[in-house]
Number of protein chains: 2
Amino acid sequence: MNKAEILIIDDEPQIRKLLQINLESNGYKVWQAENGLEGITMAANHPPELILLDIGLPDKSGHEVLKELRMWYGKAIIILSVLDNEDDVVQALDNGATDYLTKPFRTAELLARIRASIRRNETTELRSKDEFDDLSIDYAARVILKNNEPVKLTATEFNLLALFTRNEGRVLTHRYLLKEIWGVGYQMETQYLRVFVSALRKKIEDNANRPKHLITESGVGYRFV
Amino acid sequence: MNKAEILIIDDEPQIRKLLQINLESNGYKVWQAENGLEGITMAANHPPELILLDIGLPDKSGHEVLKELRMWYGKAIIILSVLDNEDDVVQALDNGATDYLTKPFRTAELLARIRASIRRNETTELRSKDEFDDLSIDYAARVILKNNEPVKLTATEFNLLALFTRNEGRVLTHRYLLKEIWGVGYQMETQYLRVFVSALRKKIEDNANRPKHLITESGVGYRFV
DNA sequence: GCGCATTTTTCCAGGATTTTAAAACGCGGT
DNA sequence: ACCGCGTTTTAAAATCCTGGAAAAATGCGC
């Protein structure tokens with residue numbers, strides 16, 4: 001088998017070095033980033049088979065990085081952390097981490113967990129970019145182009161649109177959209193959706209009164225076409 | 001969503017009880033087996049969404065059970081063990097275990113790892129669709145195609161049609177249809193059905209006067225063919 | 001603390017869907 | 001051919017849902 005590529009995102013050079021030696025001697029190709037932003041960029045330019053992510057990064061919390069990666073990166077992300085806090089573990093796993101290991105970790109176990117994660121990769125495939133007619137969306141860079149012109153969206157607007165484009169053609173119910181963007185507990189706040197869908201239509205539709213992308217399914221939800 | 005089913009294979013009754021209480025209070029349906037053989041049989045007769053497997057079983061070593069299960073069982077298997085032996089972890093993961101937790105485990109973490117594992121199960125599942133002659137229905141996307149052209153249905157119309165297609169060939173009584181779509185208390189409102197069946201026929205039949213899909217069973221109900 | 005961008009609330013008009021009511025139809029029996 | 005009965009169709013009224021505008025609250029960077 002040819003070398004699987006692994007990206008390490010960790011601010012401690014010693015840890016990176018240690019991981020690099022272990023991984024390379026087991027036939028992996030290793031890339032390194034020393035903070036979250038760099039890691040996201042590298043992953044976007046050259047998506048690896050697996051990401052090892054330290055949760056205690058200097059620029060962004062590892063949880064933030066994890067969430068951003070998970071918007072478009074479908075393969076394995078293993079969290080490494082000095083924290084053995086149960087809340088962190090739960091939060092990371094619920095944000096889409098594949099596994100969570102506490103430092104110091106046992107090398108053979110880490111390698112086995114890496115093998116297990118890569119083995120299960122094949123099924124999931126997410127794109128980091130999408131094109132729809134006059135729209136293009138880059139999930140990693142969080143950039144939208146309409147007729148090749150950049151469109152400025154707020155954070156919530158982008159998240160909502162990304163959720164739609166990831167589910168092209170499907171009806172997404174009000175409950176589902178609210179749960180995904182605002183979290184459980186907001187599932188009754190349908191007025192939020194109206195406001196934000198309306199804002200999105202103004203920005204991405206040729207004619208917001210006659211939307212061709214964001215279609216309302218009365219009584220159910222919305223659909224992106 | 002309906003309850004995911006989890007099978008516990010563990011010889012210690014206290015552990016099974018503890019797991020059962022935790023899992024059931026989190027909305028899972030729990031099955032139990034007290035040894036490897038029984039576990040394999042139960043999993044074969046009624047494949048669960050996830051298996052919790054103790055590695056220290058009396059009849060076979062848990063590693064054996066794991067290998068046998070993996071010959072045909074594709075979904076998540078989480079290993080629970082009192083052993084914190086690195087070799088056991090590595091062996092289990094390399095034999096196809098989804099995860100490995102050491103007893104005593106933290107409950108919230110176990111639940112999070114279960115959620116993560118079940119989530120991965122789902123992504124590999126196919127989208128539920130049905131095809132009937134000139135009609136195709138995608139339940140998740142809420143899309144109907146007639147001769148490959150999308151047909152616009154209102155929420156109630158779609159729900160009603162989906163109920164019919166899920167029960168192809170069967171006569172559904174007026175009472176049953178009304179209960180499923182409008183709820184108990186509407187079982188006398190046969191008018192509603194007549195109005196909506198008529199609307200559906202206009203949209204999905206070639207000739208609404210001579211329906212080939214939505215057949216009237218006079219005095220009883222309707223049948224989808 | 002101030003100013004700006006964004007998110008959360010509120011309100012109401014207009015639109016779409018569901019409900020209600022009534023008329024038209026089809027079919028078997030006489 | 002006519003009647004009766006259940007079904008289908010139509011169209012109105014009632015209800016519910018959505019979109020727009022804009023004020024209030026919040027968060028964020030300086």
Side-chain angles (χ1 to χ4, degrees), chain A residues 59-61 64 142 144 151-164 171-183 185-224, chain B residues 142 144 151-161 163-164 171-175 177-183 185-224:
Chain A
D59 54 345
K60 299 195 178 206
S61 123
E64 288 301 309
R142 297 179 70 85
I144 307 283
V151 179
K152 191 175 176 313
L153 297 186
T154 69
T156 313
E157 287 166 2
F158 182 89
N159 294 340
L160 186 58
L161 181 58
L163 193 52
F164 276 121
V171 174
L172 303 180
T173 64
H174 300 132
R175 288 179 65 80
Y176 175 79
L177 290 163
L178 287 161
K179 175 161 71 69
E180 289 299 314
I181 305 292
W182 284 271
Y186 288 78
Q187 305 189 15
M188 301 299 131
E189 310 289 331
T190 35
Q191 63 274 24
Y192 291 13
L193 276 180
R194 299 205 192 99
V195 173
F196 278 86
V197 166
S198 157
L200 275 177
R201 281 180 178 151
K202 281 201 193 106
K203 294 185 181 183
I204 65 163
E205 299 283 4
D206 294 325
N207 179 352
N209 299 325
R210 261 170 238 298
K212 64 177 179 176
H213 289 304
L214 281 172
I215 309 301
T216 111
E217 295 285 337
S218 196
V220 185
Y222 297 90
R223 180 204 307 274
F224 182 86
Chain B
R142 294 183 77 93
I144 306 282
V151 179
K152 191 178 176 310
L153 298 186
T154 69
T156 315
E157 288 165 2
F158 182 90
N159 295 340
L160 186 58
L161 181 58
L163 191 53
F164 276 120
V171 178
L172 304 178
T173 64
H174 298 137
R175 288 180 64 83
L177 290 163
L178 286 160
K179 176 160 70 70
E180 289 298 313
I181 305 292
W182 284 271
Y186 289 78
Q187 306 187 12
M188 302 300 131
E189 308 289 335
T190 326
Q191 279 310 310
Y192 293 12
L193 275 180
R194 302 204 167 114
V195 172
F196 277 87
V197 167
S198 162
L200 273 178
R201 282 179 177 151
K202 265 193 214 134
K203 294 185 181 182
I204 65 163
E205 299 283 4
D206 293 325
N207 179 353
N209 299 326
R210 259 171 244 298
K212 64 176 178 177
H213 289 304
L214 280 172
I215 310 300
T216 302
E217 296 288 336
S218 198
V220 185
Y222 297 90
R223 186 158 51 94
F224 181 86

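Throughout, protein chains are lettered first and strands after them, A, B, ... in sequence-line order, and every chain is numbered starting at 1. Owing to the predicted nature of the structure, the values given are computational and were not obtained by experimental measurement.
Taking 4.5 Å as the limit, every side-chain heavy atom of A:Val171 sits out of range of all side-chain heavy atoms of A:Ile215.
Checked against side chain to side chain contact (heavy atoms under 4.5 Å, CB included), B:Asn207 has the following partners two or more places apart in sequence or in another chain: B:Asn209, B:Arg210. Residues meeting the side chain to side chain contact (heavy atoms under 4.5 Å, CB included) test with A:Thr173, sequence neighbours left out: A:Arg175, A:Tyr176, A:Val220.
Between its two ends, the helix from C:dG1-D:dC30 to C:dT30-D:dA1 turns its axis by 30°, counting five pairs per end and rounding to 10 degrees.
Looking at heavy-atom distances under 4.0 Å, A:Thr156 makes contact with sugar-phosphate atoms alone, never a base.
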**Request:** Check step by step if side chain to side chain contact (heavy atoms under 4.5 Å, CB included) holds for B:Leu160 and B:Leu153.
**Result:** CA-CA 10 Å; B:Leu160 186 58; B:Leu153 298 186; over 6 Å; no
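Comparing atom distances between the A:Tyr192 side chain and each of D:dC17, C:dT8, D:dT9 picks out C:dT8 as nearest. Here D:dT7 is the nucleotide among D:dT7, D:dT18, C:dT18 with the atom lying nearest to any side-chain atom of B:Thr216.
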Please list, pair by pair, any protein nitrogen or oxygen found under 3.5 Å from a nitrogen or oxygen in nucleotides 22-26 of chain C.
none

Show each protein N/O and nucleotides 10-15 of chain D N/O combination with a separation under 3.5 Å, one pair to a line.
unit_1	atom_1	unit_2	atom_2	d
D:dT10	OP2	B:Lys202	NZ	3.2

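Put simply, A:Trp182 has no side-chain N or O that comes within less than 4.0 Å of OP1 or OP2 on C:dT7. For B:Tyr186, no side-chain nitrogen or oxygen approaches OP1 or OP2 of C:dT18 to under 4.0 Å. Phosphate proximity of C:dA16 to B:Lys152: absent, as no side-chain N or O sits under 4.0 Å from OP1 or OP2.
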Just list the side-chain donor-acceptor pairs under 3.5 Å for residues 190-197 of chain B, sequence neighbours left out, or say none.
unit_1	atom_1	unit_2	atom_2	d
B:Thr190	OG1	B:Met188	O	3.3

